[in-house]
A.B. asks: 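Right, I'll just put the structure down here and ask away after.
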Amino acid sequence: MNELKRKTENGSVEAEAEAVSSEQKAGEDSGLGLGVLFFIGAFAVCFLSGWLLFPSLLYSKKEQPLNFNHALHVDEMGGCDSCHYFRDDGSFAGIPTTESCMECHESQLGDTEDEAIFMKEYVEKGKEVPWLIYSEQPDCVFFSHAAHVIAAGMDCVSCHGHIGTSEKLRPYEENRLTGYSRDIWGKNIWGIKKNPWDRMKMDDCADCHERETGSKGACFQCHK
Amino acid sequence: MTKDNHGKAYKFGMVIDLDKCTGCGSCMVACMSENNVPFKENETDKKDSLTWMTVYKLTNGKPFPDTDICYMPRPCMHCGGKGDHGHSPCVSVCPATATDYGYDTGIVSQIYTRCFGCRYCMVSCPYHARYFNWWDPKWPPGMEEYLSPDVSPRMRGVVEKCTFCYHRYQEARDRAYYEKRDTIAEDEYQTACTQACPAGAITFGDLNNPDHEVYKLVKPDPHNCGRPRDPKAFRVLERLQTNPKVYYISEREWVRKAGDNYRKGEWDKKNMLTKADGQH
Amino acid sequence: MDSALIPEGARRCPFPVFAAGIAVASAVLLWGVYAMGLVWIKGLNQTNMNDYYGFALWIWADLAVIAIGGGAFFTGLLRYVFGIDELKHIINLAVVIGVICYSSALLILAIDIGQPLRGWFIFWHANVHSMLTEVAFCLSLYFSVLIIEFIPLVLENRQLDKVPFFHNLGHNMHGIMAVFAATGAFLSCFHQGSLGGVAGVLYGRPFAFREGLLIWPWTFFLFTWSAAAYGPCFTLTVCKIFEGVTRKKLVKDNVVDLLAKISGWMIATYIIAKIIDTIYWAGVTVSDMGFSFMHFYSDNAFYGVWILFTEIVICGIVPAILLTVKRFREDKKLLILAIVLGTIGVCINRWVMVLQVVAVPVMSFDTWALYIPSWQEVATTILPIAYGIIVLSLAYRYLPMFPQEQELYDAK
Amino acid sequence: MFPFCFEWVWDVGHYLFFGAMWYAVIIISLGMTYCVGKSLVDTLNGKGAGHGDGHH
Amino acid sequence: MKIDRRSFLGLGLGAAAGVAASPMTWKLTDDISIWTQNWPWTPVPRDGEVTFDNTVCTLCPGNCGISVRKIAGRAVKIEGRGGYPVNDGGVCLHGISALQYLYDPSRIKSPMVKKRDAWKTVSWDEGLALAAEKIKSLRDLGRANTIACVAGSGEGTIAGLYRRLLMAAGSQNFYTMDSMDKTWKMLIAEMHGFDGTAGFDIESSDYLLSFGTGFIEGWGSPVGNFMANSSRKDRNAKLVQVEYRLSSTAAAADQWIPAKPGSEADLALSICSVMITENLYDKDYAEKSGKNFDDFAKLVTEKYAPELITRTTGIDVPKIKSLAAGFARAKAPLAIAGRGRGDAAGSMMEFAAVHALNCLAGNINKKGGFWMTKDADTMIWPSLVMDDAAAKGYAKAAAGPGGSPDRLFDALTSAGEDETPVEMLMVYNANPCHTLHDAGTVRSAIEKIPFVVSFSPYMDDTARLADLVLPTHMFLEMGEDIHGCASSVKKVTALSKPVAGPLFDTRHPGDAVIMLAKAVDGSVRASFPWESYEVAISEVMGDTWDILAKDGYIKCASQPPAFRPGVDFKLLVGYDGPPAPLGDKKKFPLILVEMDHMRLTSGAVASSPFAVKTVPDTILKDNDILVEMNPETARQTGVSPGRMAVVETPVGSARVKVNIFDGIMPGVIAMPGGLGHFGGDNRYIGGKGVNVNELIGPVIDPVSGLDAAWGIRARISRA
């Protein structure tokens, strides 16, 4: 309640003094109606923009450097673990490096335009493809694939959804403020979650842990 | 692994032999390098210097030539708190549960993304084992290359502390899961300072497991919150009932006495007692 | 010029003089705001705090301002719950002081944390066992109660009173103010206590640690008791300052005398409890931990037995005697001496329970750590004082704070 | 702070702490709704008009 | 219907209610907090596959094996290399912070030439051409012998290449930095007539008598000594430290003998006299096969009997007797010398006096004793091609005798203005401007040299004075052969290998020399028949190269050498007391000594930011160095702790702070070594404290010709 605010409040009080006296002359109820009208109008505008406009402003849409056809590769190579494998120290290799892709893609195999980009931009130049990873957790999170896939025997779909059968990579939505992928906070702004892979926030992990192991676990179980 | 994980909870602890420690500082640098601890141009204000592992230099206070010194490396004690129930001095005061006691490992965790920097835990810790990021950590251009992905670098305004290299425990667990094993062997999870110590003065392991070296060295008393039964072993500030998990060993009596506070004559009376015990 | 706002019949200094005073206070306020901006943008390295001094000047300012703001809840409790109706002539002042103190405390807490943008984590991820969580919840709740107690006074402003809805609202709120006052008192007892608990639970810090009842260390009860005891002293001090500045009598003597008497007996009982606590603490608690009493008061440049003597004897026993014995209480000068000493006493107690706690070495090879606040810390501590002066003078000018003012002016 | 919060644990500590807290919040909010409600009713019934300028 | 204040109020409230009912507020509050958890300026280290690479650290003569942890090929952590004979998994703090030397942005990124006191970057070809031009012109003018080179150590193929470049060009001016190893080598030649290197079998010795040696301050192989110190209790071996201050070694020792500074040699001889008079010595080794034993015995028993030297050493007679008894009765007693870290050469007489103890105990070439080993000459260099200019130049004597840089810089300072003995100086793996005593004079000497080339990867105190800098790889970026291990018997020949790609435009020092030689052309080019260092090392190392390439190291015999050369005490017979420190007693009442601290490097390279961070505030406060002194000394000189003071010595003066410590002898002030580096634009290590070598002047040892100074007389007064 600093001094400035106090002053404006007093300022408006003087204006109100004249208004009250003049208004008494023009009758009581008409002013109220207009105020309510404005109230409803402003409420509607803000409410709708909050629920519809705001999410699109908050999340930026980015395209992947090139499209990757999971379905085709799964047919060719077998399961997910042909490219996303466990190293022998139990750590998870995650997205394959250009080098491991080159085991098959020494030269252009198919005729798709995306593969041409891959060969020209990344294989020849020996660069890594800057994939935008949908399920990327922030730096403070330690996620052990070994604990979940090997020890708990979970399948990939339960967290990553049906990306394995997808032919096109959907655009990557990123929260402009936090830098998180939208898959983490959740696609639906209302926070309603149909499948487990629609959202992977801390609470979602906690719920599953609570169900499966009886407790949310110590902090350092998932943090680093 | 939870509080009631069918009884197989670890209780990781450390034993430091103060007669072997030469004060060389390898443990301090190994800890800073392992845990992405930043460094500033002027680190001479030791009350504003992030050193998770700090080596104190103790002296017996005698004049020349009877002076004696002893180096004491001090990591976080991962206190078990009164009665070893996990209410460590810091865990019991943190308002946002940014620091918590892991019952499955006995390690006090510190989550840098939840800590909002009220520093109450830093005031509650009698060992000064907690450090606050007064400054934004900055690495000279190019040096960010040597940062390890296993520990998230901190930001200004949060408290940080030694975590007994918990990321190494996570890696050992990953390997155990991959090899379908359930427990971690003693040499699979060792802290960076233990591994680096050239004098072999630091030993790390599970205090609940009798065949681990740390248990053999100090023989913690399970009915007495892990109080060491070996007369040469002691814990710092034992009388505050913080029940720290770091034990120190020394042949020198003045070093053992420096581990806690004793009023006039109390130490000698205590010694008479233990000597009496020692006889029969 | 702003005569339309000044309560009827009240004589106030001309607006330019008033504006000049406000301008001076605003300058100090802006200096504090500049320091606050610096701390928020550049971080806590703007202060002289370090890893030994996690808590320093700000936490003391926080505790002290809440302690002297205790007059609001205690006077409210006496008037509304215990029905001592005479106090209605000074309750308005107490409430305004309460609002200022609690808003300052919340502001200082917002400055004093490393990540202000995550401050709401204390509510969202609350650790119910931590004293600081309890402080945060009750502080903000009681602040809302104080705002509620302040609204009727604001609505009594001459212009606002003309709006019928405001008039009715003020009247109705006045009606059930007892409910709010009772809830406020309940909340205050808790958070004044837990501010004491903040220090008392630290079993890693022998100087601060106290055993206690269930989960509450003795300092919990002592802090509530001392806030209730010394709060009115500060209220009376501000009242006397007002009378000095405006050179007008604002509150009747019997009301001042009544509040002083109650405060006196509260101080007396508190001091006895405090002495017993100190003796038990020195004799049993710390000696079990291996510390002698003198360990906490020797071989350092600042903290000596003098600080304990000042807190308990000079600012405890002396005001207790001055305020309980009628003959002294009625002497104008002795009354002012007592209430000022009381206020200083509670500030020293809060200083000792924050800064000496972190200064005392605990490990045998540790050393005393002394600390001098940086200008940013001092500026942000003076900021609430300037802000308080501005709010008080605006309230005095535009709100009917002292019901007996008119009566006393006529009687003269 | 709410049962759906990550931190929420159904134990004695939470019952006591949040019990007391929500109790206080409810009393305060009820008190305020009562005041505002009653004042609206009074204003609509035309009570309380023509005040101000000191003649209570 | 009139738009008035009330409608604005409605508008405002409506908007507020609308926003409150939408997710905007609490979502933004949540996201802003998450934003503070992921500030863009907080780094996010990239993840990847974990691999380990083994190499050898060459920051100090200890040469420990290290294992570099890599994430997706980028080095992130240095750890000790398990199973390596020298350190078996342990590693010191400087080794661990090696990555701060690798990724250091203040490294010299490409060759640079100094034009009117400003550095200009040039390409490698231009740099080499400039240097080659200089060499060619000197050779053409017949002054090939004025080309000099100062290298860190003389062992290994890289130093061999530098020496070969000088010989091919026609100069004998190849100098290697002094250290105690040189003095031990000369001592062995003098007292045993044996050409080889000295080693101490510390792990098996059960009684270690050390005269001022920083056994756990970084002497010899630091990690090896730490391990030996830790296993002392199990081997129930005793350590006795003779030192005027309570160093970490003295604190760890079973017995600390606070002898006065400079009187160590006298004490050693008096222990000899007790051993002889109570004939506790190995008769057949010392007396029968030893020469001049009787003269030595006479000198010792007469002039250095315990009663005579209690005043000079401050140690009473019973203690000397008990020392002698303890030493003689031990199964494998060992006496070691080489003050502090052993960087300074030390006084030959002092080494001889201490070594006499080993001889009397007969513990030579025995388990737990003093070993003299002949290091097999593993390097086979092809014959040299020298044209007449080279031959003529080579014939002329070197400017500084005995291969000691001190003597070189003495010659330079004493030479007149016109004819400087050195017209071109090359510096590799050395920083004489910081590590040599009386660094000020060394700097002015170097400034007199017209053309100075530095091969340093860092802008250190010497590179700063150079005219051309040809930056070489940092040790993690290059592979080289590593020989022996300072003063330890574990003579390991190892091969380090690059674990990180060269980050900047630097070259391997071996390649740099070969390219320089090729640029000089003529006979010099012919003497370097290899096109790269890789080829050179594989040819020069001959058959050991195959084993090294496979295992990475060869561990020499762990048994003592069979042959026990006899001993000749002639040298000691001429002993007449310790070399006195510079300066007269009246003007400079105190003695200033260098204090070696494990957490600060004292070699060519400055300490890393991590190492400087571990240095306590009793050694460095802001940028002020603290000298350590006894409370009594402080009272006498009127200085007070924490305040500034001025230390003056005959050679220089410096502003310091005062640190009071009971463990140092009154009358002695100790200043930590390894500070006062010029760090270029690296503010983490540059400009911190004072270089103690600015205050201590060299004292040339009459016997070895090397710098034997260990301290200097000084005075201190309030600033």
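Each chain gets a letter, A, B and so on, in the order its sequence line appears, and its residues count up from 1. Note that these values count all heavy atoms, side chains included, but never hydrogens, waters or copies made by symmetry.
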A.B. asks: What is the distance from atom SG of B:Cys118 to atom CG of C:Asp112, rounded to the nearest 0.5 Å?
C.D. replies: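 The distance works out to 8.5 Å.
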
A.B. asks: If you draw a 6.0 Å radius around CG in C:Leu213, do more than 12 non-hydrogen atoms from other residues or ligands fall strictly inside?
C.D. replies: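 Count over threshold, so yes.
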
A.B. asks: Would you mind checking which part of B:Val123 comes under 4.5 Å of any heavy atom in chain C, side chain (CB onward), backbone (N, CA, C, O), both or neither?
C.D. replies: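 Both the backbone and the side chain of B:Val123 come within 4.5 Å of chain C.
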
A.B. asks: How many angstroms lie between CG in C:Asn45 and CG in B:Asp48, if you round to the nearest 0.5 Å?
C.D. replies: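 Rounded to the nearest 0.5 Å, the CG-CG separation comes out at 8.5 Å.
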
A.B. asks: Below 4.5 Å, heavy-atom pairs only: which of C:Arg205, C:His295, C:Gln46 has the largest tally toward chain B?
C.D. replies: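 Greatest number of close heavy-atom pairs with chain B: C:Arg205.
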
A.B. asks: In terms of heavy-atom pairs under 4.5 Å with chain B, which of C:Thr133, C:Asn127, C:Val135, C:Asp51 leads?
C.D. replies: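 Sorted descending by pairs with chain B, the first entry is C:Asp51.
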
A.B. asks: What's the spacing between B:Thr113 OG1 and C:Gln115 CD if we round to 0.5 Å?
C.D. replies: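 Result: 10.5 Å between the selected atoms.
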
A.B. asks: I need the B:Tyr120 OH to C:Ile122 CD1 distance, nearest 0.5 Å.
C.D. replies: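 If we round to the nearest 0.5 Å, B:Tyr120:OH and C:Ile122:CD1 are 10.5 Å apart.
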
A.B. asks: Under a 4.5 Å cutoff for heavy-atom pairs, which residue among C:Leu132, C:Thr47, C:Val128, C:Ile59 has the most contacts with chain B?
C.D. replies: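 Looking at each option in turn, the highest pair count goes to C:Leu132.
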
A.B. asks: Please look at C:Asp366 and chain B and tell me whether the side chain, the backbone, both or neither of the residue comes under 4.5 angstrom of a heavy atom of that chain.
C.D. replies: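 The side chain, not the backbone.
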
A.B. asks: For C:Trp281, is the CH2 atom crowded, meaning more than 12 foreign heavy atoms sit under 6.0 Å from it?
C.D. replies: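 Above 12, so yes.
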
A.B. asks: Is the shortest heavy-atom distance from the side chain of C:Leu44 to the side chain of B:Arg119 under 4.5 Å?
C.D. replies: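 In contact.
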
A.B. asks: Quick one: what part of B:Val159 sits under 4.5 Å from any heavy atom of chain C, side chain, backbone, both or neither?
C.D. replies: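 Contact with chain C: none, neither part.
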
A.B. asks: Measure from NZ or CZ of B:Lys47 to the centre of the six-membered ring of C:Tyr53 and say whether it is under 6.0 Å with the direction within 45° of the ring axis.
C.D. replies: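 No; the conditions do not both hold, so B:Lys47 does not lie above the ring face of C:Tyr53.
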
A.B. asks: Please look at C:Ile113 and chain B and tell me whether the side chain, the backbone, both or neither of the residue comes under 4.5 angstrom of a heavy atom of that chain.
C.D. replies: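 Both parts, backbone and side chain.
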
A.B. asks: Centre-to-centre under 6.0 Å for C:Phe365 and B:Tyr56, is that the case here?
C.D. replies: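 Yes, ring centres under 6.0 Å apart.
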
A.B. asks: Answer whether the closest heavy-atom distance between the side chains of C:Asn50 and B:Phe132 falls below 4.5 Å.
C.D. replies: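 They are not in side-chain contact.
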
A.B. asks: Please output the residues of residues 17-24 of chain B in contact with chain C, using a heavy-atom cutoff of under 4.5 Å, in numerical order.
C.D. replies: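 The residues closer than 4.5 Å to chain C amount to none at all.
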
A.B. asks: Among B:Asp260, B:Asn261, B:Leu237, find the residue that satisfies the side-chain contact (heavy atoms from CB on, under 4.5 Å) test when tested with C:Met363.
C.D. replies: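 Only one option passes, and that is B:Leu237.
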
A.B. asks: With rounding to the nearest 0.5 Å, note down the distance linking NZ in C:Lys42 to CH2 in B:Trp135.
C.D. replies: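 With rounding to 0.5 Å, NZ (C:Lys42) is 8.5 Å from CH2 (B:Trp135).
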
A.B. asks: Where does B:Leu240 contact chain C at under 4.5 Å (heavy atoms): side chain, backbone, both or neither?
C.D. replies: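 Both the backbone and the side chain of B:Leu240 come within 4.5 Å of chain C.
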
A.B. asks: Which atoms of C:Phe123 are under 4.5 Å from chain B, going by heavy atoms: the side chain, the backbone, both sets, or neither?
C.D. replies: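 Answer is neither: C:Phe123 stays 4.5 Å or more from chain B.
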
A.B. asks: Under 4.5 Å heavy-atom distance to chain C, tell me which part of B:Thr59 shows up: side chain, backbone, both or neither.
C.D. replies: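 Contact with chain C: none, neither part.
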
A.B. asks: For a 4.5 angstrom cut-off between non-hydrogen side-chain atoms, does B:Lys82 reach C:Tyr203?
C.D. replies: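 Heavy-atom side-chain distance check passes, below 4.5 Å.
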
A.B. asks: Could you pull out the closest heavy-atom pair between B:Gly259 and C:Ser364, with the gap in Å?
C.D. replies: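 Heavy-atom minimum between the residues: N-OG, 4.5 Å.
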
A.B. asks: Given the options B:Cys90, B:Ala258, B:Cys79, which has more heavy-atom pairs under 4.5 Å with chain C than any of the others?
C.D. replies: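 With the most close heavy-atom pairs to chain C, the winner is B:Ala258.
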
A.B. asks: Is atom CZ of C:Phe302 surrounded by more than 12 heavy atoms (other residues, nucleotides or ligands) closer than 6.0 Å?
C.D. replies: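 Atom CZ in C:Phe302 is crowded, with more than 12 foreign heavy atoms closer than 6.0 Å.
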
A.B. asks: Contact part of C:Ser287 toward chain B, heavy-atom cut-off under 4.5 Å: side chain, backbone, both or neither?
C.D. replies: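 Both backbone and side chain of C:Ser287 come within 4.5 Å of chain B.
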
A.B. asks: Using a cut-off of under 4.5 Å for heavy-atom pairs, which of C:Ala199, C:Gly290, C:Ala126, C:Gly54 has the most such pairs with chain B?
C.D. replies: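 Option with the top pair count is C:Gly290.
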
A.B. asks: Roughly how far, to the nearest 0.5 Å, is the CE atom of C:Met294 from the CZ atom of B:Arg263?
C.D. replies: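 The CZ atom of B:Arg263 sits 15.5 Å away from the CE atom of C:Met294.
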
A.B. asks: Please look at C:Val198 and chain B and tell me whether the side chain, the backbone, both or neither of the residue comes under 4.5 angstrom of a heavy atom of that chain.
C.D. replies: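 For C:Val198, the contact with chain B is made by backbone and side chain together.
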
A.B. asks: Can you tell me which portion of B:Gln241 sits under 4.5 Å from chain C's heavy atoms? Options are side chain, backbone, both or neither.
C.D. replies: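 The backbone, not the side chain.
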
A.B. asks: On the 0 to 90° scale, with breaks at 30° and 60°, tag the C:Tyr52-B:His128 ring pair as parallel, tilted or perpendicular.
C.D. replies: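 Ring orientation, 0 to 90° scale: parallel.
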
A.B. asks: Looking at B:Arg114, B:Lys257, B:Glu266, which makes the most heavy-atom pairs under 4.5 Å with chain C?
C.D. replies: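 Of the candidates given, the most pairs with chain C belong to B:Arg114.
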
A.B. asks: From the options B:Ser92, B:Pro95, B:Cys94, select the one residue that forms a side-chain contact (heavy atoms from CB on, under 4.5 Å) with C:Ser130.
C.D. replies: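 Output: one option passes, namely B:Pro95.
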
A.B. asks: Side chain, backbone, both or neither: which part of C:Pro361 has a non-hydrogen atom closer than 4.5 Å to chain B?
C.D. replies: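 When you check distances to chain B, no heavy atom of C:Pro361 falls under 4.5 Å.
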
A.B. asks: Can you find a pair of side-chain heavy atoms, one from C:Arg118 and one from B:Val158, that are under 4.5 Å apart?
C.D. replies: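 Yes. Closest side-chain heavy atoms under 4.5 Å.
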
A.B. asks: Can you tell which part of B:Tyr262 gets under 4.5 Å to a heavy atom of chain C, answering side chain, backbone, both or neither?
C.D. replies: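 It is the backbone, since no side chain atom gets that close.
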
